[in-house]
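What follows is a short report on a single structure.
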Amino acid sequence: MLVEALITWLHYLGVFVLVGALAGELMAFRREMSAAAQKMVRVLDLHYGASAGLVLVTGLAKVFWYGKGAAYYAGNPFFWVLIALFVAMGLLSVPPTLYFLRWRRSIGTATVAEGDYARIRRLFWLEAVALALIPLAAALMARGAEF
Ligand code: HEM
């Protein structure tokens with residue numbers, strides 16, 4: 001019981017950090033980026049990736065060992081909605097991460113091109129929409145809802 005509670009706590013902790021990191025990235029990513037701001041965005045992006053990993057590992061632990069059993073989730077349509085949204089979040093975050101990694105060689109004051117700025121912000125917002133819908137899918141999944 002204690003381990004189950006700890007896994008659930010870590011699942012939520014991961015979600016909180018994920019939300020914080022994405023909100024932070026949305027605020028810190030600007031067209032004019034100082035070296036400090038560039039570093040901050042990169043650190044936030046690292047937290048985004050690490051917390052997504054924590055959410056995934058604890059989510060899988062719930063599916064296989066600490067939830068209602070893998071068979072319950074495999075046959076639950078909202079589990080697959082959750083997984084699809086989570087995968088979408090991951091895929092949407094790839095181009096921004098690659099963009100921030102390119103800064104590594106040239107950390108310093110940077111002006112982000114208008115097209116890149118608009119594209120990355122759009123991807124952030126799409127990630128936020130997917131992230132906002134996942135708890136709904138999780139709540140429906142936990143209650144065995146059907147389409
Ligand atoms: C950002 C991503 C995620 C968020 C925001 C999230 C959120 C939640 C929330 C709010 C609950 C509690 C639902 C309730 O009891 O009403 C929950 C439970 C759960 N989550 Fe996640 N989750 C995420 C990712 C995942 C992933 C990727 C998996 C699986 C690989 C997963 C598997 C589970 C399982 C199995 C439960 C337990 C459901 C039950 O009580 O039967 N979650 N999650």
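Quantities reported herein were computed from a predicted structural model and do not represent experimental measurements. For ligands, and for the atoms within them, numbers begin at 1 and follow the listed sequence.
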query: Touching ligand 1 at all, Tyr66? Heavy atoms, strictly under 4.0 Å?
result: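 The answer is no, since Tyr66 has no heavy atom less than 4.0 Å from ligand 1.
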Counting each atom of ligand 1 from 1 as listed, which ones have a heavy atom of [X] under 4.0 Å away?
X	result
Met141	19 (C), 20 (N), 33 (C), 34 (C), 36 (C), 38 (C)
Val63	35 (C)
Leu131	1 (C)
Lys68	39 (C), 40 (O), 41 (O)
Arg143	14 (C), 16 (O)
Ala139	16 (O)
Ile134	1 (C), 2 (C), 3 (C), 4 (C), 5 (C), 6 (C), 23 (C)
Leu18	1 (C)

Geometric N/O contact Tyr12 with ligand 1, under 3.5 angstrom: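 By distance alone, the answer is no.
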- prompt: For Tyr73, is at least one N or O under 3.5 Å away from an N or O on ligand 1?
  reply: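 Such a contact does occur with ligand 1.
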- prompt: Taking the six-membered ring for Trp, are Trp103 and Tyr99 parallel (under 30°), tilted (30 to 60°) or perpendicular (over 60°)?
  reply: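 Because their plane-to-plane angle is over 60°, the rings of Trp103 and Tyr99 count as perpendicular.
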message: Please verify the inter-ring angle class for Tyr73 with Phe79; under 30° counts as parallel, over 60° as perpendicular, anything in between as tilted.
response: tilted
- prompt: Is the backbone of Lys62 close enough, under 3.5 Å, to the side chain of Lys68 for a donor and an acceptor to pair up by distance?
  reply: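 The answer is no, because no donor-acceptor pair under 3.5 Å joins these two groups.
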message: Counting only heavy atoms not in Tyr72 (residues, nucleotides, ligands), do more than 12 fall under 6.0 Å from its OH?
response: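 More than 12 heavy atoms, drawn from other residues, nucleotides or ligands, come within 6.0 Å of this atom.
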Side chains of [X] and [Y]: closer than 4.5 Å at any heavy-atom pair?
X	Y	value
Leu18	Met89	yes
Glu127	Tyr48	yes
His47	Glu25	no

field: Identified side-chain contact (heavy atoms from CB on, under 4.5 Å) partner of Val94 from the options Leu92, Thr97, Leu98
entry: Leu98
- prompt: Hey, are Glu32 and Thr111 close enough side-chain-wise for a donor-acceptor pair under 3.5 Å?
  reply: yes
task: Between Leu60 and ligand 1, find which residue part has any heavy-atom pair under 4.0 Å and reply side chain, backbone, both or neither.
output: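 Near ligand 1, Leu60 shows its backbone as well as its side chain.
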Proximity of Thr8 to ligand 1 by residue part, where a heavy atom lies under 4.0 Å: neither
